[in-house]
Amino acid sequence: MSKMKGLKCKECGKTYPAAALHVCEFCFGPLEVSYNYDYIKTKITKEKILQGPKSLWRYQDLLPIEGEPTVGLNAGFTPMIHAKNLGAELGLDYLYLKNDTVNCLTLSFKDRVVAVALTRAKELGFDTVACASTGNLANSVSAHAAEARLRCFVFIPADLEAGKVLGNLIYRPNVVAVNGNYDDVNRLCSEIAGEYSWAFVNINIRPYYSEGSKTLAYEAMEQLGWRTPDHVVVPIASGSLLTKISKGFNEFADLGFVSPVKTQIHGAQAEGCSPVAAAFKEKRDFIKPVKPKTIAKSLAIGNPADGFYAVKVVLASGGVIEHVTDEEVVEGMTLLARTEGVFAETAGGVTIGVLKKLAKKGLFRKGESVVAYITGNGLKTQEAVAPALGVPWNIQPSLANFQEALKAASADTSNKERGVQ
Ligand SMILES: *Cc1c(COP(=O)(O)O)cnc(C)c1O
C-alpha cells in the first residue's frame, strides 16, 4: 500500500493517478493529492516526528512523495519566536512569529514547497524544472535545481526587485524576465507547459508543490507544544498557503495529535492587490481579478488560483481578510525589525500591518495565542523600505567629530525612539 491514493478533483471528486496533472479534464477544477490516511495512521507517531530530521521532512509521512526526499533536505523547521516586545506594543501576551525569513536555501517559505515539488518531479522522471514566479519561488527553484543538478527555467515579471533578480542569476538557471505582471507570466507559462515536458512546479506539479505549505501548520503546532493557536495571520498571494495551513491543522487533529481545531484563520493582502480581501468584504463567492499595484510584489497576484478556496477557509474558521496600504506595509516592516530584530520582506510588512489592524479592532481576546507567519526576508526587497530609513551619521575618524554628531543627534527629536542619549 502507498500513502498517496492519487489525485482528486476538488470540485467534482473525479480521481486521477498521481502524475503531473493539475486540472480536472471534466470540470476544470483543481486537482489535489488524496491520501490513504488509514495507512498513514499506522506509520506516523508524535515520537517518530520528534526523532525525525530537523527539517520539514520530519513530516514526510504526510507529504506527497513515494520514496525518500532527495531535494531540499534542510528546508523548514524554522524558529518560532515568542514576540514579547511586539506583543507588548500590540497588547498581546501570546504573540508568536513563525520566522521563515531564515528558511534554507533561499530565505522564504517557498523553500518548503520547492523541496516537495522537486523531490516529486524527480520521482516522476523530469530532468527540467520551471516556474512562474512573483520572485521567491524563482529564487528557490533556481537554488534547488542547482543542488539537484536539474535544468531550470524561471519566469518572472521584468519589474521585480533587484535582490530577487540577482537571487536567481547567481544559481545560473535560465532566467526569463517577461514584460508584464505575474498574471501575464502565469498565462504564458501555462502555454509553455503545454509545449514542453517540463515540471512547472506551480502549474503541472502544483498538487504536490502546494502540499509543502502544510508543514507551516505542523511546525507551528509542534513548536507550541502540540497545540493549535487561537489565531493565525497568513499573507495571501494565490491563496494556496492559507488553505494548506488550514489543511495541516485539520490533519493533525484527525490523527489525534492536537484537539479539534478552533483556530481563526485571518488573511492579509496589500491594498494595491487585494482581490481576495475584496471578495471577503463584499461577501462574494467569486474573485474579481485586479491589476496589481503594490510594493508587496511577492503577493502581487491579480487573479489568484486559490482565492475562492481561501475565502471559504477563512469564513469557515470565523476569521477575516484585511488589507493594508503600502505605507502600512513599510511601517509593519520597520515595526517588526525595531521590536523583534526580524528583517522581513514586504509580505512580512503586510502580515504585521494586518496583525496590528486586527489587534486595534480588538479581535484578539486576552490570553489568546496568535501566530503571524513571516514568509520572506527583507534583504530581498530593500528598495521598498530604504526611503523610510534615513542614512547613517557620517563622521571623520575622530572622537571630537563623534561627540559633535552625538550632540546634534540628541537635539534632533526625530531620533527619540532610537534612545540616542
Ligand atoms: C508566495 C508567497 C506567499 C504566499 O503564497 P500563496 O501563493 O498564497 O501560496 C507569501 N509570502 C511570500 C514571501 C511569498 O513569496
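Heavy-atom basis, side chains included; hydrogens, waters and symmetry copies ignored. Just so it is clear, the structure is predicted and the values come from calculations on it, not from any experiment. Counting starts at 1 for both ligands and their atoms, following the listed order. For the single chain, residues carry numbers from 1 onward in sequence order.
- The nearest protein atom to atom 11 (N) of ligand 1, hydrogens excluded, is given as Thr375 OG1, 2.7 Å; this is a heavy-atom distance.
- Close contacts of ligand 1 with Ala347, meaning ligand atoms under 4.0 Å from a residue heavy atom, involve 11 (N), 13 (C).
- In this structure, Arg284 forms a cation-pi arrangement with Phe286, its terminal cationic atom sitting closer than 6.0 Å to the ring centre and no more than 45° off the ring axis.
- Below 3.5 Å of separation, one finds an N or O of Ala237 facing an N or O of ligand 1.
- When only non-hydrogen protein atoms are considered, atom 7 (O) of ligand 1 lies nearest to Ser238 OG, 2.6 Å.
- Listed by atom number, the atoms of ligand 1 under 4.0 Å from Glu345 heavy atoms are 13 (C).
- Residues forming a ring-ring contact (aromatic ring centres under 6.0 Å, His included) with Tyr373 (at least two apart in sequence, or on another chain): none.
- Taking each heavy atom of Ala193 and Ile203 in turn, the nearest pair found is CB-CG2, 4.4 Å.
- Classification of Lys281 and Glu322 as a salt-bridged pair holds, one side-chain N sitting under 4.0 Å from a carboxylate O.
- Residue Gly239 places a heavy atom under 4.0 Å from ligand 1.
- Inclusion of Asn136 in the set of residues having an N or O under 3.5 Å from an N or O of ligand 1 is warranted.
- Smallest separation of non-hydrogen atoms from Asn36 and Ser2: ND2-O, 3.0 Å.
- Using modelled atom types and a 3.5 Å distance limit, the side chains of Glu251 and Tyr37 yield a donor-acceptor pair.
- Scanning the protein for heavy atoms near atom 1 (C) of ligand 1, the closest one is Lys110 NZ, 1.3 Å.
- Checking Lys48, Lys43, Lys46, Lys41 one by one against Asp61, the salt bridge (charged side-chain N to carboxylate O under 4.0 Å, His left out) holds for a single residue, Lys48.
- With a heavy-atom cut-off of 4.0 Å, Leu299 touches ligand 1 through its side chain alone.
- When hydrogens are left out, the protein atom nearest atom 9 (O) of ligand 1 is Leu241 N, 2.8 Å; that is the closest non-hydrogen contact.
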